[in-house]
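Just so it is clear, the model here is predicted, and its values are computed rather than measured. Counting starts at 1 for both ligands and their atoms, in listed order. By convention here, the first residue in the shown sequence is residue 1.
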Amino acid sequence: MAKELSGAGLRGQSAGETALCTVGQTGSGLTYRGYDIEELAEKACFEEVAHLLLYGKLPNQTELDHYKTKLMNLRELPQALKSCLELIPKDAHPMDVMRTGCSFLGNVETETDFSQQQDVADRLLATLPAIILYWYRFSHDGVRIDTLNPSVSSLAGHFLAMLHSDTPNPLHEKVMNASLILYAEHEFNASTFTARVCASTLSDMHSCITGGIGSLRGPLHGGANEAAMDMIEPWQSADEAEAAILDKLVNKEKIMGFGHAIYRERDPRNDIIKKWSKRLSEEVGDTHLYAVSERCEAVMWREKKLFCNADFFHASAYRFMGIPTKLFTPIFVCSRVTGWASHVMEQRANNRIIRPSADYTGPEKATWVDIADRD
Ligand SMILES: CC(=O)SCCNC(=O)CCNC(=O)[C@H](O)C(C)(C)COP(=O)(O)OP(=O)(O)OC[C@H]1O[C@@H](n2cnc3c(N)ncnc32)[C@H](O)[C@@H]1OP(=O)(O)O
Ligand SMILES: O=C([O-])CC(=O)C(=O)O
């Protein structure tokens with residue numbers, strides 16, 4: 001008999017406290033340390049948001065300048081890590097590359113004391129874009145990129161510059177900045193909870209973030225932006241998209257980029273990235289991808305009252321900026337590392353090992369049979 005799922009997945013249960021974020025409560029429905037996501041995405045740069053999450057306050061201009069310079073000075077990868085990345089094959093899953101890169105950094109720059117945690121978090125924030133792009137450009141284009149980019153001060157622009165070996169397009173840098181802000185933090189989602197569980201054993205920062213990457217990889221979580229792109233890519237018109245979605249619904253398939261564990265009617269990040277996707281579609285002269293995406297949104301709401309989550313319009317927005325699909329979820333990592341590391345630090349500051357109980361469903365009493373006598 002199928003199991004009753006209503007209370008599964010810890011849904012609706014509080015699993016701890018946080019001062020970092022609210023989801024589905026006030027304002028537009030998402031706040032970072034009390035600031036509404038709409039205001040942050042419109043007015044802030046990603047580094048300001050990273051500072052807000054990791055250091056507890058919005059920086060003043062001097063602090064922001066100092067923080068950006070610090071991150072820029074931390075961009076270079078150790079030679080041993082570059083050599084390791086060069087060994088990973090072209091057809092590896094990019095999230096596995098992120099996981100390995102993060103874990104490897106923990107071998108050569110181990111966090112030996114929690115007093116180092118802020119610096120370790122900043123180092124990861126500064127290097128994760130280079131980790132994925134050094135591997136990607138080496139394995140796909142045969143080039144060893146410069147990961148310093150001293151003329152590009154934003155992390156958003158740095159990512160694009162390493163990808164395209166060119167000065168970033170200002171509009172694309174702006175969209176990337178907003179995207180990184182939207183993905184930075186989201187309370188006790190699966191990957192953050194993974195990181196916190198790991199932190200609760202008093203493990204090191206690299207282990208916590210590596211675990212977070214592993215959880216984010218799945219298509220029910222961060223992997224949905226890639227999965228959404230793979231789904232919409234073949235559809236050449238809105239009508240074709242509508243017919244295909246209806247088919248999928250008849251077959252009871254999950255439609256990636258739709259629905260959410262906490263939000264019930266809308267994901268506030270969708271309106272923001274959708275607006276940017278539309279703007280980019282006009283910029284590149286897109287003939288159908290934005291229309292396909294909009295039709296999917298309309299059909300899913302009409303048929304199932306399911307709405308786009310943060311991932312759905314990220315797919316088209318990234319595509320319009322020339323970002324290969326396999327790099328979509330790694331971008332999420334480059335942003336969410338701020339949320340994960342902030343949660344690790346918060347967990348450490350008031351820690352008790354996370355160890356829930358389970359309802360046992362196995363046999364009541366089993367009788368030992370010697371190995372020679374077993375079926
Ligand atoms: C940044 C992020 O991580 S956002 C999430 C990204 N993930 C995705 O986009 C993957 C697609 N979406 C999903 O799989 C789910 O909506 C999740 C994993 C996000 C949330 O899962 P849950 O909390 O279990 O969803 P929820 O309880 O709201 O589901 C209600 C019903 O809607 C269905 N449903 C939910 N999402 C979808 C979807 N995308 N497509 C089709 N049906 C769906 C569920 O199967 C369930 O149906 P049932 O009652 O017949 O079993
Ligand atoms: O909160 C969740 O369950 C998933 C999500 O949207 C995120 O992590 O950004």
Side-chain angles (χ1 to χ4, degrees), residues 2-15 18 20-25 28-32 37 40-41 49 53 95 179-196 211-232 244-273 293 296-297 299-318 328-340 342-343:
K3 195 170 181 328
E4 177 58 62
L5 274 180
S6 59
L10 299 176
R11 198 73 76 258
Q13 296 175 42
S14 172
T18 184
L20 287 159
C21 178
T22 64
V23 173
Q25 292 180 24
S28 71
L30 175 57
T31 64
Y32 298 169
I37 192 65
L40 291 173
V49 172
L53 292 169
M95 287 295 277
S179 164
L180 293 171
I181 291 172
L182 295 180
Y183 272 147
E185 162 56 11
H186 219 242
E187 201 222 27
F188 275 28
N189 60 85
S191 56
T192 300
F193 196 59
T194 303
R196 281 192 83 128
I213 294 170
S215 286
L216 190 71
R217 182 191 194 286
L220 296 190
H221 192 9
N225 55 14
E226 271 180 52
M229 189 68 231
D230 290 341
M231 179 180 76
I232 61 179
I245 289 272
L246 290 174
D247 249 17
K248 284 177 182 292
L249 291 178
V250 168
N251 294 326
K252 304 225 168 302
E253 282 178 47
K254 275 258 163 89
I255 312 297
M256 295 306 171
F258 285 85
H260 199 272
I262 304 295
Y263 299 123
R264 298 299 6 132
E265 288 188 350
R266 66 186 276 271
D267 179 334
R269 298 166 296 183
N270 178 54
D271 291 349
I272 301 168
I273 195 62
S293 305
C296 294
E297 183 180 35
V299 173
M300 286 298 284
W301 185 254
R302 186 187 75 211
E303 297 294 320
K304 301 289 278 184
K305 291 285 169 282
L306 283 168
F307 52 90
C308 297
N309 57 47
D311 281 328
F312 190 69
F313 275 93
H314 259 106
S316 50
Y318 286 165
F328 289 6
T329 317
I331 297 173
F332 199 153
V333 174
C334 295
S335 161
R336 184 58 60 87
V337 65
T338 56
W340 291 332
S342 304
H343 276 275

Colleague: Between K305 and ligand 1, which residue portion shows a heavy-atom distance shorter than 4.0 Å: side chain, backbone, both, or neither?
Modeller: neither
Colleague: Between H314 and F332, does the ring centroid distance fall short of 6.0 Å?
Modeller: no
Colleague: With heavy atoms of E253 as the reference, note each atom of ligand 1 found under 4.0 Å away.
Modeller: 41 (C)
Colleague: Taking only heavy atoms of F332 into account, list the atoms of ligand 1 that are under 4.0 Å away from them.
Modeller: 1 (C)
Colleague: Check ligand 1 against A224 and write out every atom of the ligand that is under 4.0 Å from a heavy-atom position of the residue.
Modeller: 6 (C), 7 (N), 8 (C), 9 (O)
Colleague: Please indicate whether any nitrogen or oxygen in R11 is less than 3.5 Å from any nitrogen or oxygen in ligand 1.
Modeller: yes
Colleague: Taking a cutoff of less than 4.0 Å between a non-hydrogen atom of the residue and any ligand atom, is H221 in contact with ligand 2?
Modeller: yes
Colleague: Among all residues two or more places apart in sequence or in another chain, which pass the side-chain contact (heavy atoms from CB on, under 4.5 Å) test with E297?
Modeller: N270, K274, C308, F313
Colleague: Distance to 0.1 Å, residue and atom name: give those for the protein heavy atom nearest to atom 1 (O) of ligand 2.
Modeller: H186 ND1, 2.7 Å
Colleague: Which protein heavy atom lies closest to atom 3 (O) of ligand 2, and at what distance to 0.1 Å?
Modeller: N189 CB, 3.7 Å
Colleague: Is it the case that ligand 1 has an N or O less than 3.5 angstrom from some N or O of R269?
Modeller: no
Colleague: Heavy-atom distance under 4.5 Å between the side chains of Y263 and L30, does that happen here?
Modeller: yes
Colleague: Output the list of atoms in ligand 2 that are nearer than 4.0 Å to some heavy atom of R336, sorted by atom number.
Modeller: 7 (C), 8 (O), 9 (O)
Colleague: Any non-hydrogen side-chain atom of I255 less than 4.5 Å from a side-chain atom of M300?
Modeller: yes
Colleague: Check for me whether the distance between the ring centres of F258 and F307 falls short of 6.0 Å.
Modeller: no
Colleague: Decide whether H343 and E187 meet the rule of one side-chain donor and one side-chain acceptor closer than 3.5 Å.
Modeller: no
Colleague: Looking at side-chain heavy atoms only, is the closest gap between Y318 and S179 below 4.5 Å?
Modeller: yes
Colleague: Just which atoms of ligand 1 are under 4.0 Å from any heavy atom in G257?
Modeller: 8 (C), 9 (O)
Colleague: Report the residues that fulfil side-chain contact (heavy atoms from CB on, under 4.5 Å) with L10, sequence neighbours left out, ordered by chain and then residue number.
Modeller: Q13, F193
Colleague: Any chance the side chains of S215 and S191 put a donor and an acceptor closer than 3.5 Å?
Modeller: no
Colleague: Do V333 and Y183 have side chains that approach each other closer than 4.5 Å (heavy atoms only, starting at C-beta)?
Modeller: no
Colleague: With heavy-atom distances below 4.0 Å as the criterion, list the atoms of ligand 1 near P219.
Modeller: 7 (N), 8 (C), 10 (C)
Colleague: Which residue owns the protein heavy atom closest to atom 4 (C) of ligand 2, what's the atom, and how far is it?
Modeller: H260 NE2, 3.6 Å
Colleague: Inspect the contact between D271 and R266 and indicate whether a charged nitrogen and a carboxylate oxygen are less than 4.0 angstrom apart.
Modeller: yes
Colleague: Give the atom numbers and elements of ligand 1 that come within less than 4.0 Å of a heavy atom of D311.
Modeller: 1 (C), 2 (C), 6 (C)
Colleague: Measuring from the heavy atoms of E185, does anything fall under 4.0 Å of ligand 2?
Modeller: no
Colleague: Looking only at heavy atoms of R264, does any of them come nearer than 4.0 Å to an atom of ligand 1?
Modeller: yes
Colleague: Please determine if N309 has a nitrogen or oxygen closer than 3.5 Å to a nitrogen or oxygen of ligand 1.
Modeller: yes
Colleague: If the cut-off is 4.0 Å to any non-hydrogen atom of R269, which atoms of ligand 2 fall inside it?
Modeller: 5 (C), 6 (O), 7 (C), 9 (O)
Colleague: Under 4.0 Å from a heavy atom of H260: which atoms of ligand 1 are those, numbered in the order shown and with their elements?
Modeller: 4 (S), 16 (O), 19 (C), 20 (C), 28 (O)
Colleague: I want to know if ligand 1 touches Y183 in the polar sense, i.e. an N/O pair below 3.5 angstrom.
Modeller: no
Colleague: Taking C-beta and beyond as the side chain, do I262 and N189 meet within less than 4.5 Å on heavy atoms?
Modeller: no
Colleague: With only distance considered, is M300 within less than 3.5 Å of ligand 1 through an N or O on each side?
Modeller: no
Colleague: At a 4.0 Å threshold, what atoms of ligand 1 neighbour a non-hydrogen atom of M256?
Modeller: 9 (O), 10 (C), 11 (C)
Colleague: Would you say the ring centers of Y32 and H186 fall short of 6.0 Å from each other?
Modeller: no
Colleague: Among L306, I255, L216, I262, whose heavy atom sits nearest atom 37 (C) of ligand 1?
Modeller: L306
Colleague: Do ligand 1 and F258 have nitrogen or oxygen atoms that lie under 3.5 Å from each other?
Modeller: yes
Colleague: Taking side chain as C-beta onward, heavy atoms only, is L249 less than 4.5 Å from K304?
Modeller: yes
